[in-house]
K.L.:
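Quick one: the structure is below, and I'll ask about it shortly.
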Amino acid sequence: MDRKMNINEKEWQEFWKKEGVFKTENTSEKPKFYCLDMFPYPSGEGLHVGHPRGYVATDVLSHYKRMRSYNVLHPMGWDAFGLPAENHAIKTGTHPRKAIEENIKRSKEQLGKMGLSYDWDREINTTDPEYFKWTQWIFLRMFKEGLAYEDTLPINWCPSCKTGLANEEVVSGLCERCDAGVEKKNIRQWVLRITEYADRLLDDLEELEWPEPIKEMQRNWIGRSEGAIIEFSVPDFRASVEVFTTRPDTLFGATFLVLSPEHSLVAEVLKRGEEIENINEIKDYVERAKNKSDLERTDLSKEKEGVEIKGLVAVNPLSGERVPVWVADYVLGFYGKGGIMSVPAHDERDYQMAAKYGLKIREFVKGGDLPYEGEGKMVNSGEFSGMDSQKGREKVVDRLEEEKKGRRAVNYKLRDWVFSRQRYWGEPMPIVFCEECCDRIKRYRSDIMEYKDAQGSTFDIEGFQYNIGELRNPGWISMQEDDLPLALPEVEKYEPTGTGESPLALQKEWLSTVCPKCGNEAKRETNTMPQWAGSCWYYLAYVMKGESETLEFPISRYKERFKEWMPVDIYVGGAEHAVLHLLYARFWHKFLYDVGAVPTKEPFLKLKNQGLIMGEGGIKMSKSKGNVISPDEVIEKYGADVLRLYEMFLGSFEDDVAWSEDGVNGMRRFLDKVWTLSEKVGDTKKDDHMENSLHKTIKKVTDDIENFKFNTAISALMSLGNEMKERRSIQREAFEDYIKLLSPFVPHFCEELWRKIGNKPSVFYNEWPQFKEEKAKDTLVTLVVQVNGKVRSQMEVESGTNKEDVQERAKKEVEKWIKEKKVKKTVFVKDKLINFVTE
RNA sequence: GCCGAGGUGGUGGAACUGGUAUACACGCGGCACUCAAAAUGCCGUGGGCCCAAGCCCGUGCGGGUUCGAAUCCCGCCCUCGGCACCA
């Protein structure tokens, strides 16, 4: 038999576009459904076969929702700032914008070929000045509210990308982008106070319908831990050291203190020098620690080592015990107070340290072999002895608080977001540095600090109004909102300088400007924003585009739109952004909520992560292995519908799956079969059995699409197809419903088939088939007959038949297994089984 | 080490709140069509024993609960993902 199917997919794509079949309605009585994909970076290689998996899923869902009379927002755009385009520019000398334009064109073509039903009128591009003026605006708002600060600190530096990185961009000591080993470098940075939102970012996870692993990763990343800060006095220095601990109940067991090499008291010790007998040893050790890379310093396999500060003693605030003080680099300078009380009996790390240097190890919590980290009865702990450690924990802190020697405290692993990059291809930061203002603010700074909690207001200094951000970062002045966007200047060289400054620093003309506050000479900030900035709010831009085609100030004009569309109902993308984009975007969104710009606390209500598509044989697809499959090849050979269907049928949406060419072919065979079925459509008499199967399938497909179980939805459709094949003829209405059920998966094919059986396009103008429960009911069911839980026989009975009515008949069915035994119990499950239990 | 997900035929994978394990597909084998091949159609396909009817065993391993366990409980093993000296 020849293949009768010959579908011009392009023609349908043009038809949809011309007719605006999938355009989002700007005003609508219908309920809304916001269905969002993580927008791609338009790379030079185009898409591979893994990308469309999520896009097809959201497309299926969008089609389905439209047919259920939702007004669906299903947009697409481009996350186009970032290193690949810039590196390409460095190599070829062409402007990154050029490469980006070409890549977008190519990627858009690829998406177009797949027949995805995006509303392209709302397309956005993060590198478009109309777009990034808003990215700059949000940053500016954060700056003004005091959420951005300038700091010179040792940050993660990628020597290959020649830029600083955020904590989240370092993956086990390596650069997330290029896998180069990350170094520590002291550079001036802009940092966003994401830690101020730590609790809300943590608590609000509860209300999100996200995959549990992603939520857990965010919880761990935020890493909230409750405990206490305890003060040990250091009489020799007339000073004190504060330490953070989650186990104040073990305070009596603190047999020494350990400070990180970065600790201020260590610096003090080095300054005082002569009073400490082993000063040179300490100096050496601190110097060595400083030169260690993060990777070396956090290497768990190495032995803990440190140096005692000889002659220095600290006093335990409760026991009064005098304990030695050590410096060791297993204690981190940036966490807690940069120093710890060491309890070798009840902490694995402290135990190792104590064992190595022969320090005191004494048990304070009974419970197991040392080191014992669990709970138990407190011992050797003065008045607290005998208490349960959990209770004792509270009592110890109560006492410390009474004596003003400590307090309850919470610590986070989350650190503030290093937000500036020393590269060209990113959003310029909309702030300038003015010497005059700097001096002016510094003259008054001590007064100002008293007002530091009064956020949101401005302060008058010599007739100039300064906002909190400006006061906290003396000299840095916000640009006027009306002057946004601040465009990227054209440059000769895109090469990063590697000195900690971006190539913008060489653009003398662009660099110098006038202070928007006092009119004196000023210089622009030359760092740019990180990759992640533009994706922190793009889901809002799509909504804004429904109000005005260009994105215009002020934000308040979009208020109603946001109320209408937020939050995003379903967000689909890869799991690799668990603590990057998904955390950053939540942070920005919460800020926008706080300033009254958006009506919801969270941007993305529901999240689904698609699994990876591996190459044939389950090997990861990669250019170097040469096993990358492009959607273009597949579409060329089989058509977009086959590709779409296969991507959805392949396996469970959230699991990793392996690509198989044979499997693709199977999808084509299925569509061929369905095509052939259409020839049997006619005015045949009512077919109850078929109707029953149809309604079961409607239910199954509907539920499965709602739950992202596309693979089983398709298998249900295949089963129904197989059943139709058995028929000599198929009722028209049944076949039409069948096409509708199939249409979200294979839109071109279904349009063609819809027309072939004599209907007017588009099939998508139709309502989704209505499920009728009474039609899906079975009159006959198969009842399984078991003996002692083993299936021995089965029988057809009318559905709803009672135990009494089948019992005797069933017994006969399995007589040979029970005849010599006594049935002591009979278990009956209606419409399912009857089980005879013998002695 | 800690946290999370998961181990089901030759393969991808189904199985609702415990109720016929292996749906749907791929592959493979046989047959039909054909000069032949491809395509297509039909039949078969977890393992073992058996002429057969039938029986036994089977969801990573070992126990348990239950009339009945892939599903629940306890103890292990393995794979993948994340975090990694966070006190």
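Naming: A, B, ... by sequence-line order, numbering from 1 per chain. Remember, it's a predicted structure, so these values are computed and weren't measured experimentally.
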K.L.:
Provide, to the nearest angstrom, the distance between the CH2 atom belonging to A/W817 and the P atom belonging to B/rG54.
P.N.:
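Answer to the nearest Å: 8 Å.
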K.L.:
Counting only side-chain heavy atoms from C-beta out, which of B/rC55, B/rA87, B/rG4 sits nearest to A/T246?
P.N.:
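Looking only at side-chain atoms, A/T246 lies closest to B/rA87.
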K.L.:
Ignoring hydrogens and geometry, is there a side-chain-to-backbone donor-acceptor pair from A/S693 to A/H689 under 3.5 Å?
P.N.:
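Answer holds: yes.
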K.L.:
For A/E212 and for A/F334, find the nucleotide of RNA chain B with the closest heavy atom, then tell me which residue's nucleotide is more 5'.
P.N.:
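Nearer the 5' end of the strand: A/E212.
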K.L.:
Any idea which heavy atoms bring A/V572 and A/F653 closest together, and the distance?
P.N.:
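Looking at all heavy atoms of both residues, the shortest contact is CG1-CZ, 3.7 Å.
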K.L.:
Under 4.0 Å: is that the gap between some side-chain N or O of A/S225 and OP1 or OP2 of B/rA87?
P.N.:
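Yes.
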K.L.:
Looking for any heavy atom pair under 4.0 Å, which part of the strands does A/K709 touch: base, sugar-phosphate only, or nothing?
P.N.:
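Sugar-phosphate contact only.
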K.L.:
For A/I613 and A/E647, work out which heavy atoms get closest and say how close.
P.N.:
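In this case the closest contact between A/I613 and A/E647 is CD1-OE1, 3.7 Å.
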K.L.:
Under 4.5 Å between any side-chain heavy atoms of A/L607 and A/L208, yes or no?
P.N.:
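Contact flag for A/L607/A/L208 side chains = no.
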K.L.:
With rounding to the closest Å, how many angstrom separate the C1' atoms on B/rG68 and B/rC61?
P.N.:
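So the two C1' atoms sit 22 Å from each other.
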K.L.:
Between B/rG60 and B/rU79, how far apart are the two C1' atoms, rounded to whole Å?
P.N.:
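Approximately 10 Å lies between the C1' atom of B/rG60 and that of B/rU79.
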K.L.:
Answer yes or no on whether A/R415 is positioned over the face of A/F334, meaning its NZ or CZ is under 6.0 Å from the six-membered ring centre and within 45° of the axis.
P.N.:
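The answer is yes, since A/R415 meets both limits relative to A/F334.
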K.L.:
Using atom P in both nucleotides, what's the gap between B/rC77 and B/rA70 to the nearest angstrom?
P.N.:
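Straight-line distance between the two P atoms is 23 Å.
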K.L.:
Quantified in whole Å, what is the P atom distance between nucleotide B/rC73 and nucleotide B/rC24?
P.N.:
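My reading of the P atoms in B/rC73 and B/rC24 gives 31 Å.
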K.L.:
Taking side chain as C-beta onward, heavy atoms only, is A/D249 less than 4.5 Å from A/S389?
P.N.:
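Side-chain contact under 4.5 Å: yes.
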K.L.:
Dump the intermediate steps for salt bridge (charged side-chain N to carboxylate O under 4.0 Å, His left out) on A/E654 and A/K608, then the final yes or no.
P.N.:
CA-CA 7 Å; A/E654 294 178 272; A/K608 287 277 178 189; 3.6 Å; yes
K.L.:
Give me the distances for all protein-to-nucleotides 82-85 of chain B N/O pairs that come in under 3.5 Å?
P.N.:
residue: B/rC85; atom: OP2; partner: A/T298; partner atom: O; Å: 3.4
residue: B/rC85; atom: O3'; partner: A/R349; partner atom: NH1; Å: 2.3
residue: B/rC85; atom: O2'; partner: A/Y330; partner atom: O; Å: 2.8
residue: B/rC85; atom: O2; partner: A/K304; partner atom: NZ; Å: 2.2
residue: B/rC85; atom: N3; partner: A/K304; partner atom: NZ; Å: 3.1
residue: B/rC85; atom: N4; partner: A/R297; partner atom: O; Å: 2.8
residue: B/rC85; atom: N4; partner: A/K302; partner atom: NZ; Å: 2.5

K.L.:
Would you kindly give the CD-to-P distance between A/E576 and B/rG4, to the nearest whole Å?
P.N.:
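Interatomic distance, CD of A/E576 to P of B/rG4: 22 Å.
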K.L.:
Taking for each residue the nucleotide of RNA chain B with the nearest heavy atom, is it A/K337 or A/D655 whose nucleotide lies nearer the 5' end?
P.N.:
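Taking each residue's closest nucleotide, the earlier one in sequence belongs to A/D655.
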K.L.:
Counting the atoms with a prime plus P, OP1 and OP2 as sugar-phosphate, which does A/R224 contact under 4.0 Å by heavy atoms, base, sugar-phosphate, or nothing?
P.N.:
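Answer is nothing: A/R224 stays at 4.0 Å or more from every strand.
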K.L.:
Using OP1 and OP2 only, check whether a side-chain N or O of A/S652 sits under 4.0 Å from B/rA14.
P.N.:
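True: A/S652 side-chain N/O within range (under 4.0 Å) of B/rA14 OP1/OP2.
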K.L.:
Could you measure between the two P atoms, the one in B/rA69 and the one in B/rG58, and give it in whole Å?
P.N.:
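My reading of the P atoms in B/rA69 and B/rG58 gives 11 Å.
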K.L.:
Verify the ring-centre separation between A/F364 and A/F252: is it less than 6.0 angstrom?
P.N.:
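When the ring centroids of A/F252 and A/F364 are compared, they turn out to be at least 6.0 Å apart.
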K.L.:
What integer number of Å spans the P atoms of B/rG10 and B/rC2?
P.N.:
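Per the computed distance, 35 Å lies between those P atoms.
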K.L.:
Mind checking ring pair (Phe, Tyr, Trp, His ring centres under 6.0 Å) for A/Y357 and listing every partner two or more places apart, or none if nothing turns up?
P.N.:
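Applying ring pair (Phe, Tyr, Trp, His ring centres under 6.0 Å) to A/Y357 gives A/W326.
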K.L.:
In whole angstrom, give the distance that lies between atom CZ of A/F653 and atom C1' of B/rG13.
P.N.:
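Between C1' of B/rG13 and CZ of A/F653: 16 Å.
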K.L.:
Going by the rule ring pair (Phe, Tyr, Trp, His ring centres under 6.0 Å), which residues pair with A/Y646 if we only count those two or more places apart in sequence or in a different chain?
P.N.:
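Partners of A/Y646 by the ring pair (Phe, Tyr, Trp, His ring centres under 6.0 Å) criterion, ordered by chain and then number, come out as A/W659.
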K.L.:
Given atom CG of A/N609 and atom P of B/rG4, what is their separation to the nearest angstrom?
P.N.:
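After rounding, the gap between these two atoms is 17 Å.
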K.L.:
May I ask you to say what A/K725 touches in the nucleic acid, namely base, sugar-phosphate or nothing, with a heavy-atom cut-off under 4.0 Å?
P.N.:
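Counting heavy atoms under 4.0 Å across all strands, the contact made by A/K725 is with sugar-phosphate only.
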K.L.:
Would you mind reading off the distance between A/D704 atom CG and B/rC16 atom P, rounded to a whole angstrom?
P.N.:
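Those two atoms, CG and P, are 12 Å apart.
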K.L.:
To the nearest angstrom, how far is A/M614 atom CE from B/rU79 atom P?
P.N.:
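These atoms are roughly 15 Å apart.
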K.L.:
Could you spell out the base pairing of RNA chain B as a dot-bracket line? Use Watson-Crick and G-U wobble contacts where both distances are under 3.5 Å, [ ] for crossing pairs, | for partners on a different strand.
P.N.:
(((((((..(((......[....)))((((((.......))))))((((....))))..(((((..]....))))))))))))....
K.L.:
For nucleotides 19-31 of chain B, give me one character per nucleotide, 5' to 3': B if any protein heavy atom sits under 4.0 Å from the base, S if the only such contacts are to the sugar-phosphate, - if neither.
P.N.:
BB--BBSSS----
K.L.:
Thinking salt bridges, do A/K360 and A/E321 make one under a 4.0 Å N-O criterion?
P.N.:
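Yes.
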K.L.:
Expressed in angstrom and rounded to an integer, what is the separation of A/K696 atom NZ from B/rA14 atom P?
P.N.:
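Rounded to whole Å, this separation is 21 Å.
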K.L.:
When you check the glycosidic angle of B/rG9, does it come out syn, meaning within 90° of 0, or anti?
P.N.:
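Judged by the O4'-C1' to base torsion, B/rG9 sits in syn, the angle falling within 90° of 0.
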K.L.:
Using whole Å, report how far CZ of A/R792 lies from P of B/rC67.
P.N.:
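Value for this atom pair: 18 Å.
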K.L.:
Could you work out the separation of B/rU8 and B/rU71 based on their C1' atoms and round it to a whole Å?
P.N.:
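12 Å, rounded to whole Å.
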K.L.:
Using the C1' atom on both, measure B/rG46 against B/rA14 and round to a whole Å.
P.N.:
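Approximately 15 Å lies between the C1' atom of B/rG46 and that of B/rA14.
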K.L.:
Does a side-chain N-to-carboxylate-O contact under 4.0 Å join A/R219 and A/E206?
P.N.:
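Between A/E206 and A/R219 there is a salt bridge, with a charged N closer than 4.0 Å to a carboxylate O.
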K.L.:
Backbone N or O of A/T826 within a donor-acceptor pair of the A/K803 side chain at under 3.5 Å?
P.N.:
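Confirmed, A/K803 side chain pairs with A/T826 backbone.
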K.L.:
Table please: side-chain donor-acceptor pairs of residues 709-717 of chain A below 3.5 Å, with sequence neighbours left out.
P.N.:
residue: A/T712; atom: OG1; partner: A/D704; partner atom: OD2; Å: 2.8
residue: A/T712; atom: OG1; partner: A/K709; partner atom: O; Å: 3.1
residue: A/S715; atom: OG; partner: A/T712; partner atom: O; Å: 3.1

